[in-house]
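I have placed the structure first, in the form of structure tokens, so that the comments after it can refer back to it.
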Amino acid sequence: HWLCHNTCFLSAFIGWLVGRPQRIQRHNRQLQQQIDERAKAEQELRLSEQKYASIFQLMPDMVGITRLTDGCFLEINAGFTLVSGWNAEEVIGQTSIKLGLWTLDVRKQAVAMLQEHGRVENFPFLLRIKSGEQRHALMFLTLIRLHDQDCLYFMARDINELKVAQLHLEREQARLRNLLQTVP
């Protein structure tokens, strides 16, 4: 009985040893598949980040990310510098209010609209650029989560030339109306 029991145990152990390389190979194939899938996902993530970074930097509008709580700039694009005159070294770590880009009341109004509607589109405001000049602009805002804090992803479009042309057209229309009213 003891010999039979040991023989059965020994037989099972040998069977386990014989099957072990196959189990290890199967496990290694599964691990390699997981490694390959992860490498592919990481490559796709890198490509996605490169596309985002390219689009972010190529946009001619002012684009960036600020903290929701205080408007502190975390990132800006080249279009921001082109439109505003402020470069990244001057802006990152500063708030939009401290730089005077817009007033606190206008920022509060935009953030309230964002919280109510989930996004803000075509929000008109006066943008003060580095030279002190005020320009007509439109703001687009959406909330994003970055480093465990709520942030604003924004785009501001300078529409000053459009606004000046619109005002000029309105004055011309008013002048023509007046002229037509004086003609008998």
Side-chain angles (χ1 to χ4, degrees), residues 45-184:
L45 179 61
R46 273 192 297 280
L47 289 173
S48 177
E49 288 172 347
Q50 289 171 352
K51 284 190 277 187
Y52 165 78
S54 296
I55 292 168
F56 183 86
Q57 286 303 328
L58 286 174
M59 290 188 69
D61 295 316
M62 297 172 65
V63 179
I65 299 171
T66 64
R67 279 194 308 250
L68 175 63
T69 55
D70 60 4
C72 182
F73 285 97
L74 304 176
E75 190 172 350
I76 63 167
N77 73 338
F80 186 101
T81 300
L82 185 66
V83 172
S84 74
W86 297 97
N87 64 43
E89 292 78 27
E90 297 169 307
V91 170
I92 304 300
Q94 300 293 326
T95 69
S96 55
I97 302 304
K98 184 173 181 182
L99 292 174
L101 292 167
W102 57 354
T103 66
L104 182 58
D105 288 340
V106 172
R107 182 180 190 280
K108 285 180 181 179
Q109 183 183 2
V111 169
M113 288 176 66
L114 176 68
Q115 290 172 334
E116 182 179 340
H117 301 289
R119 64 184 305 138
V120 173
E121 296 179 8
N122 295 314
F123 178 79
F125 74 105
L126 285 176
L127 168 69
R128 184 179 304 276
I129 60 175
K130 187 176 180 180
S131 68
E133 177 187 357
Q134 284 194 318
R135 303 188 56 86
H136 295 275
L138 292 177
M139 179 69 72
F140 301 80
L141 295 169
T142 190
L143 277 173
I144 62 170
R145 190 90 176 139
L146 188 63
H147 306 299
D148 292 329
Q149 57 185 344
D150 287 332
C151 296
L152 297 176
Y153 184 81
F154 72 87
M155 183 181 79
R157 177 166 292 157
D158 182 341
I159 59 164
N160 209 62
E161 281 76 25
L162 179 64
K163 199 70 163 173
V164 168
Q166 181 182 11
L167 292 172
H168 179 70
L169 181 60
E170 288 170 1
R171 273 183 280 185
E172 275 300 303
Q173 287 173 338
R175 187 181 71 78
L176 286 173
R177 271 193 303 276
N178 286 340
L179 183 63
L180 288 173
Q181 288 175 355
T182 61
V183 174

Nearest heavy-atom neighbours spanning Asn160 and His136: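 Looking at all heavy atoms of both residues, the shortest contact is OD1-N, 2.8 Å.
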Heavy-atom closest contact (Ala78 atom, Gln57 atom, distance):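 Result for this residue pair: N-OE1, 3.1 Å.
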Trp86 vs Ile76 side-chain heavy atoms within contact, under 4.5 Å: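 Trp86 does not reach Ile76 side chain to side chain.
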Sub-4.5 Å side-chain heavy-atom contact between Trp102 and Met139: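 Sidechains of Met139 and Trp102: in contact.
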Excluding sequence neighbours, so at least two apart, what forms salt bridge (Lys or Arg N to Asp or Glu O under 4.0 Å) with [X]?
X	result
Glu170	none
Glu49	none
Lys130	Glu90

Kindly compute the distance separating [atom1] ([X]) from [atom2] ([Y]), expressed to the nearest 0.5 Å.
X	Y	atom1	atom2	value
His168	Gln173	NE2	CD	10.5 Å
Phe154	Phe123	CZ	CZ	14.5 Å
Met155	Leu141	CE	CG	10.0 Å
Leu99	Ile129	CG	CD1	13.0 Å
Glu75	Phe80	CD	CZ	12.0 Å
Leu162	Leu167	CG	CG	9.5 Å

Does the [X] side chain pair with the main chain of [Y], one donor and one acceptor, at a distance under 3.5 Å?
X	Y	answer
Gln94	Phe73	no
Thr66	Cys72	no
Asp150	Arg145	no
Asn77	Met59	yes

Contacts under 3.5 angstrom, residues 108-117 side chains, donor-acceptor by atom type, not counting sequence neighbours:
none

Test log, rule side chain to side chain contact (heavy atoms under 4.5 Å, CB included), inputs Met62 and Leu127: CA-CA 11 Å; Met62 297 172 65; Leu127 168 69; 3.5 Å; yes
Verdict with supporting geometry, Gln50 and Leu47, side chain to side chain contact (heavy atoms under 4.5 Å, CB included): CA-CA 5 Å; Gln50 289 171 352; Leu47 289 173; 3.7 Å; yes
Partners passing side-chain contact (heavy atoms from CB on, under 4.5 Å) against Arg128 (at least two apart in sequence or in another chain): Gln134
Qualifying residues under side-chain contact (heavy atoms from CB on, under 4.5 Å), relative to Leu74, sequence neighbours excluded: Ile65, Arg67, Leu146, Gln149, Cys151
Phe140/Asp61 under side chain to side chain contact (heavy atoms under 4.5 Å, CB included): CA gap, chis, key distance, verdict: CA-CA 11 Å; Phe140 301 80; Asp61 295 316; over 6 Å; no
